[in-house]
Visitor: 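Handing you this structure, nothing more for now.
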There are 2 protein chains.
Amino acid sequence: MTELPDGSVWIDAETKIADAPADHRDDLRLWLRLLTCTNLIETEIRRKLQSHFDFTLPRFDLLAQLDRAEDGLVLGEVSKRLMVSAGNVTAIVDRLIGNGHITRSPAPHDRRVQIIRMTPEGRRAFRAMAGQHGDWIGDMFDDLGPGDIEMLMGLLANLKGSVRRSLSNGGAS
Amino acid sequence: MTELPDGSVWIDAETKIADAPADHRDDLRLWLRLLTCTNLIETEIRRKLQSHFDFTLPRFDLLAQLDRAEDGLVLGEVSKRLMVSAGNVTAIVDRLIGNGHITRSPAPHDRRVQIIRMTPEGRRAFRAMAGQHGDWIGDMFDDLGPGDIEMLMGLLANLKGSVRRSLSNGGAS
DNA sequence: CGGATATATTTTGAACCTAAAGTAATGGAT
DNA sequence: ATCCATTACTTTAGGTTCAAAATATATCCG
């Protein structure tokens, strides 16, 4: 048994006893790569949305939710689906109303509730942007084969599961 | 040859002629999953950094760069490494100076250049946070085996390559 | 030397984002 | 009927982010 530089102890090629704090080096490298990849793509999408349509990603994301809801959506539902705070939704909605892409009206049965709906121009604008958006993503992912995509989907599902487990455990507080 | 519902044409099990706009459905699903995963982890790290240390992720990231540079870093270099705008670096640096974590001083050879360095308290605070940060990531990634991690590293490297190719081609404008 | 150009940083204005406080309306429970 | 808790949303204050304009300094060229 040999003492290693980091203070842990080497048993064989597969076993390392954690008598010293684990360093999580590979996890951190993977996290960094994941973050870099995502930011690279997201930044490019933001840039293109801005230069082609003078639009922002949060507004696009909100319209994407609304596009699938023929009867509009309640603000709370939008907040949940986009996983952003209610106050944030209010701000984005205000701007989309200002541009004429959506409307906001109180629900008839409960005056606390506000329902937003796409206007025809909003829908038209969104459809045009969504088509381009799909092409942009398609182009950025073009080197990945169907097998790569499937494998990534699976591994990311595992990761998501692991993260959710950690969250529900109050993991490491 | 059969007309399909989406307007494209079926040849055999492997070939589909794109006379209709491609829909990139799988690419979009993968992108959505990637984004969701990353945001889930990032949000949790932000939350824990805030509740445990009253600190923010951008400030942590800046200190992480500075921690490895014994002689400090020039602001432009920080901007490049963090991949954020120079104006953004200025704002974060101002706050870190306010908290006493770093210092800023003009370079002797070129008075345009500002060099930032960690203070001893800054270094101490960062080291404490970095240890916890590693544990948090380690816990969130705990369900992934070494094989999963290696495979993800490889697939994400492929994706990164694909994205960079697309960017350099001015892909889809 | 002097002027044009380039570089490094800061400032400004606008958008996004959150947590927490505030407002308004609903739905009990007594 | 009235109080109380809950719910839905908005407002506020503070931090992050960018693009573009402003500032200051350095460098190059004639």
Side-chain angles (χ1 to χ4, degrees), chain A residues 35 38-40 42-63 72-99 101-116, chain B residues 35 38-40 42-63 72-99 101-116:
Chain A
L35 190 57
T38 302
N39 285 344
L40 202 58
E42 189 175 347
T43 300
E44 179 63 7
I45 294 295
R46 283 180 196 273
R47 198 187 63 70
K48 282 198 161 92
L49 228 31
Q50 186 63 238
S51 66
H52 288 241
F53 298 107
D54 190 27
F55 220 69
T56 64
L57 189 52
R59 297 203 267 249
F60 177 82
D61 288 341
L62 195 153
L63 289 192
L73 282 175
V74 164
L75 289 186
E77 183 60 25
V78 174
S79 175
K80 258 182 241 159
R81 292 198 193 181
L82 297 179
M83 297 191 287
V84 300
S85 67
N88 191 8
V89 170
T90 296
I92 295 173
V93 162
D94 285 345
R95 292 190 187 98
L96 284 170
I97 292 173
N99 289 343
H101 288 103
I102 67 173
T103 61
R104 172 175 43 197
S105 47
H109 62 291
D110 184 339
R111 278 186 299 174
R112 291 170 304 179
V113 175
Q114 299 282 330
I115 298 174
I116 56 176
Chain B
L35 190 57
T38 303
N39 285 344
L40 201 58
E42 190 175 346
T43 300
E44 178 64 6
I45 294 295
R46 284 181 196 272
R47 197 187 63 71
K48 281 197 161 91
L49 228 30
Q50 186 61 239
S51 66
H52 288 244
F53 299 107
D54 190 26
F55 220 68
T56 65
L57 189 52
R59 296 202 264 243
F60 178 82
D61 289 341
L62 195 153
L63 289 192
L73 282 175
V74 164
L75 288 186
E77 183 61 24
V78 174
S79 174
K80 258 182 240 157
R81 292 198 193 180
L82 296 179
M83 299 191 286
V84 301
S85 68
N88 190 3
V89 171
T90 296
I92 295 172
V93 162
D94 285 345
R95 293 198 182 92
L96 284 171
I97 292 173
N99 289 342
H101 289 103
I102 68 174
T103 61
R104 172 175 43 197
S105 47
H109 63 292
D110 184 339
R111 278 188 300 175
R112 291 171 303 180
V113 175
Q114 299 281 331
I115 298 175
I116 56 176

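Every chain is numbered from 1 and lettered A, B, ... according to where its sequence line falls, protein lines coming before strand lines.
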Visitor: If I take atom CG from residue B:L35 and atom CG from residue A:N39, how far apart are they, to the nearest 0.5 angstrom?
Guide: 9.5 Å
Visitor: Rounded to the Å, how far apart are A:R104 CZ and D:dA8 P?
Guide: 17 Å
Visitor: What side-chain donor-acceptor pairs closer than 3.5 Å can you find for residues 79-87 of chain A, not counting sequence neighbours?
Guide:
residue: A:S79; atom: OG; partner: A:V84; partner atom: O; Å: 2.7
residue: A:R81; atom: NE; partner: A:E77; partner atom: OE2; Å: 2.9
residue: A:S85; atom: OG; partner: A:N88; partner atom: N; Å: 3.3

Visitor: Using side chain to side chain contact (heavy atoms under 4.5 Å, CB included), reason through B:I116 and B:L62 one step at a time and then give a plain yes or no.
Guide: CA-CA 10 Å; B:I116 56 176; B:L62 195 153; 3.9 Å; yes
Visitor: Considering only heavy atoms from C-beta outward, does the side chain of A:F60 approach that of A:L63 to under 4.5 Å?
Guide: no
Visitor: Could you list the residues that satisfy ring-ring contact (aromatic ring centres under 6.0 Å, His included) with A:F55, not counting sequence neighbours?
Guide: A:H101
Visitor: Rounded to the nearest 0.5 Å, what separation is found between the OG1 atom of A:T43 and the CG atom of A:L57?
Guide: 10.0 Å
Visitor: With a non-hydrogen cut-off below 4.0 angstrom, is A:V74 in contact with a base, only sugar-phosphate, or nothing?
Guide: sugar-phosphate
Visitor: Nucleotide range of DNA chain C contacted by chain A, 5' to 3', under 4.0 Å to a heavy atom?
Guide: C:dA15 to C:dT26
Visitor: Carefully, step by step, assess B:R46 and B:Q50 under the rule side chain to side chain contact (heavy atoms under 4.5 Å, CB included).
Guide: CA-CA 6 Å; B:R46 284 181 196 272; B:Q50 186 61 239; over 6 Å; no
Visitor: Under the side chain to side chain contact (heavy atoms under 4.5 Å, CB included) rule, collect the residues that match up with A:T90, sequence neighbours excluded.
Guide: A:D94
Visitor: Expressed as a whole number of angstroms, how long is the span from B:Q50:CD to D:dG14:C1'?
Guide: 10 Å
Visitor: From B:E42 CD over to B:R47 CZ, what is the distance, rounded to the nearest 0.5 angstrom?
Guide: 14.0 Å
Visitor: If each of A:V89 and A:D110 is mapped to the nucleotide of DNA chain C with the nearest heavy atom, which maps nearer the 5' terminus, i.e. the 5' end?
Guide: A:V89
Visitor: Check the distance between D:dC9's C1' and A:E77's CD and give it to me in whole angstrom.
Guide: 15 Å
Visitor: Do nucleotides 15-22 of chain D as a string where each nucleotide becomes B, S or -: B if the base has a protein heavy atom under 4.0 Å, S if just the sugar-phosphate does, - if no protein is that close.
Guide: SBBB----
Visitor: In degrees, rounded to 10°, what is the bend between the two ends of the helix from C:dC1-D:dG30 to C:dT30-D:dA1, using five pairs at each?
Guide: 10°
Visitor: Nearest 0.5 Å please: distance from the OG1 atom of A:T103 over to the CG atom of A:L96.
Guide: 11.0 Å
Visitor: Do A:T56 and A:L49 come within less than 4.5 Å of each other through their side chains, counting heavy atoms only?
Guide: no
